[in-house]
Colleague: 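First, the structure itself, so that you have it in front of you.
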Amino acid sequence: MEEEQSPRLAAGEPERKLEDGVTDADAEDPGCTGNGAMSSLEQPLLKRSNTLTASHLAMVGAKVSHIESLDYEIIENDLFKHDWRRRSNVEVLQYIFLKWAMAFLVGLLTGVIASLINLAIENISGLKMLHMVQLVREKTHNSFFFLIAGDEFLMVKNLPSPYCRYWAGFLYFAGVNFGLTFIAAMLCVVFAPTAAGPGIPEIKAYLNGVDTPNMFGAPQLIVKVTKKMSHFSNIIGSICAVSSGLDLGKEGPLVHIGACLANLLSQGGSGRHRLRWRWLRYFDNDRDRRDLITCGASSGVCAAFRAPVGGVLFALEEVATWWRSALLWRTFFSTATVVVVLRGFIEVCRNGRCGLFGEGGLILFDVGDVAVRYHAGDLLPVTIVGVLGGVLGALYNHVLHKVLRVYNLINEKGRAAKLALALAVCALTSALLYVTPFAVPCTPCDPAFGGACPTLGKSGNFKRFNCPEGHYNDLATLLHATNVDATRNIFSTGTAGEFRLDSLLIFFAVYCVLGLFTFGIAVPSGLFLPIILMGSAYGRVTALVLSRFARIDHGLYAVLGAAALMSGSMRMTVSLVVIFLELTNNLLLLPITMFVLLIAKTVGDAFNPSIYEIILDLKGLPFLEAKPEPWMKDLTVGELAAAKPRAVALQVVERVSTVVEALRATRHNGFPVLDRPRPGVSELHGLVLRSHLVAALRKRWFLPERRRTEEWEAREMFSSAELADKCGGVDELEISPEEMGMYVDLHPLTNTTPYTVVETMSVAKAVVLFRSISPIVGILTRQDLIAHNILGAFPHLASKRKTH
């Protein structure tokens, strides 16, 4: 894809704003100026100019890229109108059928890949934990140990046997984690930098109208093995990162994988091996691709939590900007397909037929057998859980914001620094997970537990680890398990006395530290499960501290704490309620969960934005919020447009040399086209896309004299597939000097019905129009409507910002 700035058409007062000639609007480097009053940790990750400019850079994954806007609005030029009119009823039905077929395929493939990822993670993590425990419990180790000093091995003899066993267990545990992290980080650092992180902020930006380059391609699908096998990087990277014990989840990568699958299916593949089937032409536009990626994102959430309705609501509440009833049905169809596939894999893998995978059912954290009865005394601890969720969520966002800025300074040093940072975090994680269980005493098994205590297998509530026979280590039960098993343990009901207060506090502190330091390294990662684990820990702590008032089961307090912290950090409400309802299978928790989430979101909103909004701002992605800033009402689009360089405009019939010069001098993705019905009068004819101009030059759509062509001439020269192809640039074309003096007729290629606004419209109203109708409004671009860019050009409005 070309690294070009997306176009947006001029409007308002075209006689003044849209003049002939070419002005390089990209002459200023968007990263050349910064606010000198800010410290390095307060600056955006990409420095911004204090003037409105059409050029913009953003961080996509871990890579700095040029971004552009998507053409969600239909380009109604003469060729499109003819192509649409000539479609038969059969072709229209075929188009509708294919949209549903694509939604089905997205759900099917997402479900299959998610099942394979779960199978791999459960087996790799389970075998790692079992072998580590076996080494710790093994009593036949030799009583000597090797230490490394410089280039020589020093053998220390006669160490007590327990030390050998614990050292052997730690070296095995840390070594396996180190190797898995190295694979995941190498895939992201070398092959697919945009696969690093959760991918959800970039998906939000894409569905908001921002084209995020190389975000949904084949390399990202497989990192999230070689260059030709890079489709698997997202998949392999997610498996290795989660299996390595890092404090992250697979939810974000699964959402990214679903979006990648949707994008690849809609385009027939990626790169040179892309399929060119005739029926794929229906999806060769940003509008249908956006809808399919929405289905992919909701399928990813469904695959992560086995929550079909929650997946649909997550797409509606958190990631999608444009929504309609037809899209609601297709996303639900996709998530329903995912659930059927997951159910099938669970049935196939029962009774150990898939190794260590297959335990449990479709409900991940089933607490449906617990009867919930509300009492007036529960109001105080439940309210405290909600308030703490909002405060801790906002604090987590604030500290993570600072950590990500520091990580950016480290990552700027190159690939080696990114890899070293990931491995350093892995070493810290392995040390904390292995060593901290030694800090708590062993707990005797209650005779009521029977043979379940201590636990002998991969999962269970009573891990023995370093304890003698008949005892268990409650902290090892939480730390020496996969994130899913740890969540299942801490959500378990009827276990009020199973976890000690000091163990829960240590667990909470460890996961807070690891969660802050892990997110941001160059591996595919998700935020959901780490936040769930932190929230469940403080929920149980609250229940223990306020045991006089808490009559609800402590496991349910863990559920409420997890929901509250997620709402306090991510600021989700409706989708989160449904996801937790589907996770726990307990409808009686619904009222109290809604109550806790509303409190947590209200408290969190009082401090800072959601974590995804913070990441979007850090990355420089021009995400337009649904509600504009209040002070934007004091500024008109005419005043905002006056702060920009003059627009690059073309005539309806233009010289080839002028078109080539405009393409080479700017990175605009579209240009206003002017018509002059009589001397001295200019009228806005419409908007022509950069890709269409390149197609006209490539096809040699040249005329020896200045004239308008007939409709049949353009139809014979261009097809809809050729105009939909955005590949190639003007630098690849060879145009002779004779051809430079010829003319090109732009009117068959021009969208004559772009959205326009008058120059007296307020910026606040323009933002709403820009976001809800089309990414094409006037001479202003998406970047021009972002609050910090406007304040850079109009600093006097900053004082009004504080008063609102």
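Treat the numbers as computed from the prediction; the structure is a model and nothing was measured.
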Colleague: Looking only at non-hydrogen atoms, find the nearest pair between L598 and T602 and report the distance.
Modeller: O-OG1, 2.7 Å
Colleague: With the side chain counted from C-beta on, respond yes when F580 and V596 share a heavy-atom pair under 4.5 Å apart, and no when they do not.
Modeller: no
Colleague: Working to the nearest 0.5 angstrom, can you tell me the gap between H692 NE2 and N77 CG?
Modeller: 6.0 Å
Colleague: How close do Y206 and R290 get, counting heavy atoms only, and between which atoms?
Modeller: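 Here Y206 and R290 meet closest at CE2-CA, 4.3 Å.
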Colleague: Tell me, yes or no, whether the heavy-atom count around Y407 atom OH, taken from other residues, nucleotides or ligands under 6.0 Å, exceeds 12.
Modeller: yes
Colleague: What's the verdict on side chain to side chain contact (heavy atoms under 4.5 Å, CB included) for L328 and L316, showing C-alpha distance, side-chain angles and the deciding distance?
Modeller: CA-CA 8 Å; L328 173 68; L316 171 61; 5.7 Å; no
Colleague: With no hydrogens and no angle check, is any side-chain donor or acceptor of N208 less than 3.5 Å from a backbone partner on T321?
Modeller: no
Colleague: What residues, two or more places apart in sequence or in another chain, satisfy side chain to side chain contact (heavy atoms under 4.5 Å, CB included) together with I96?
Modeller: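 Checked I96 against side chain to side chain contact (heavy atoms under 4.5 Å, CB included); matches are V92, W100.
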Colleague: Hey, does C302 have a side-chain heavy atom less than 4.5 Å from the side chain of V339?
Modeller: yes
Colleague: Determine whether E202 and K619 make a side-chain contact, defined as any pair of heavy atoms from C-beta on separated by less than 4.5 Å.
Modeller: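 A side-chain contact under 4.5 Å exists here.
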Colleague: Heavy atoms only: give me the nearest I615-P201 pair and the separation to one decimal.
Modeller: CG2-CG, 3.7 Å
Colleague: I would like to know whether Y396 and L527 meet side chain to side chain contact (heavy atoms under 4.5 Å, CB included); could you show each step before the answer?
Modeller: CA-CA 12 Å; Y396 182 83; L527 273 173; 3.8 Å; yes
Colleague: Please confirm whether the backbone N or O of G107 pairs with a side-chain atom of T110, one donor and one acceptor, at under 3.5 Å?
Modeller: no
Colleague: Are side-chain heavy atoms of F519 and I611 found at a separation under 4.5 Å?
Modeller: no
Colleague: With rounding to the nearest 0.5 angstrom, report the CG to CZ distance, D605 to R571.
Modeller: 5.0 Å
Colleague: Give the minimum heavy-atom separation between G111 and L342, together with the two atoms involved.
Modeller: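 Closest approach of G111 to L342, heavy atoms only: O-CD2, 4.0 Å.
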Colleague: Looking at R287 and D291, is any side-chain nitrogen of the basic one under 4.0 Å from a carboxylate oxygen of the acidic one?
Modeller: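 No, this pair does not count.
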Colleague: Please name the pair of heavy atoms, one in C295 and one in A103, separated by the smallest distance, quoted to 0.1 Å.
Modeller: SG-CB, 4.4 Å
Colleague: CD1 of I113 to SG of C260: how many Å apart, nearest 0.5 Å?
Modeller: 9.5 Å
Colleague: Between E318 and K204, does any side-chain N to carboxylate O distance fall below 4.0 Å?
Modeller: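 Result for this pair is yes, salt bridge flagged.
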Colleague: Test side chain to side chain contact (heavy atoms under 4.5 Å, CB included) on W323 and T294 and set out the steps.
Modeller: CA-CA 9 Å; W323 196 264; T294 304; 3.6 Å; yes
Colleague: Output yes when a side-chain donor or acceptor of T335 lies under 3.5 Å from a complementary backbone atom of F332, and no otherwise.
Modeller: yes
Colleague: Can you name the residues that form a side chain to side chain donor-acceptor pair (under 3.5 Å) with D286, not counting sequence neighbours?
Modeller: R289, K726
Colleague: Rounded to the nearest 0.5 Å, how far does OG of S298 lie from CG of L313?
Modeller: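 Separation between the atoms: 10.0 Å.
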Colleague: What's the shortest heavy-atom distance between S762 and V637, and which atoms?
Modeller: O-CG1, 4.2 Å
Colleague: Is a side-chain donor or acceptor of N608 paired with a backbone partner of A394 at a separation under 3.5 angstrom?
Modeller: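 Judged by distance alone, yes, a pair lies under 3.5 Å.
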Colleague: How many angstroms lie between CG in L684 and OG1 in T750, if you round to the nearest 0.5 Å?
Modeller: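 Between L684 CG and T750 OG1, I get 10.0 Å after rounding to 0.5 Å.
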Colleague: Below 4.5 Å, heavy atoms only, C-beta onward: do L400 and N397 meet side chain to side chain?
Modeller: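 The answer is no, as the side chains (C-beta and beyond) never meet within the 4.5 Å cut-off.
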Colleague: Restricting to side chain to side chain contact (heavy atoms under 4.5 Å, CB included), what partner residues turn up for P530, sequence neighbours left out?
Modeller: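 P530 satisfies side chain to side chain contact (heavy atoms under 4.5 Å, CB included) with D247 once adjacent residues are dropped.
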Colleague: Measuring from atom CD of E582 to atom CZ of R306, what distance do you get when rounded to the nearest 0.5 angstrom?
Modeller: 12.5 Å
Colleague: Tell me, with the steps shown, if T666 and F671 meet side chain to side chain contact (heavy atoms under 4.5 Å, CB included).
Modeller: CA-CA 10 Å; T666 69; F671 301 87; 3.5 Å; yes
Colleague: Are the side chain of S569 and the backbone N or O of M566 linked by a donor-acceptor pair below 3.5 Å?
Modeller: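 No; zero donor-acceptor contacts below 3.5 Å.
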Colleague: Do any N or O atoms from the side chain of E251 and from the backbone of F305 form a donor-acceptor pair under 3.5 angstrom?
Modeller: no
Colleague: Between T636 and E759, is any pair of side-chain heavy atoms under 4.5 Å apart?
Modeller: no
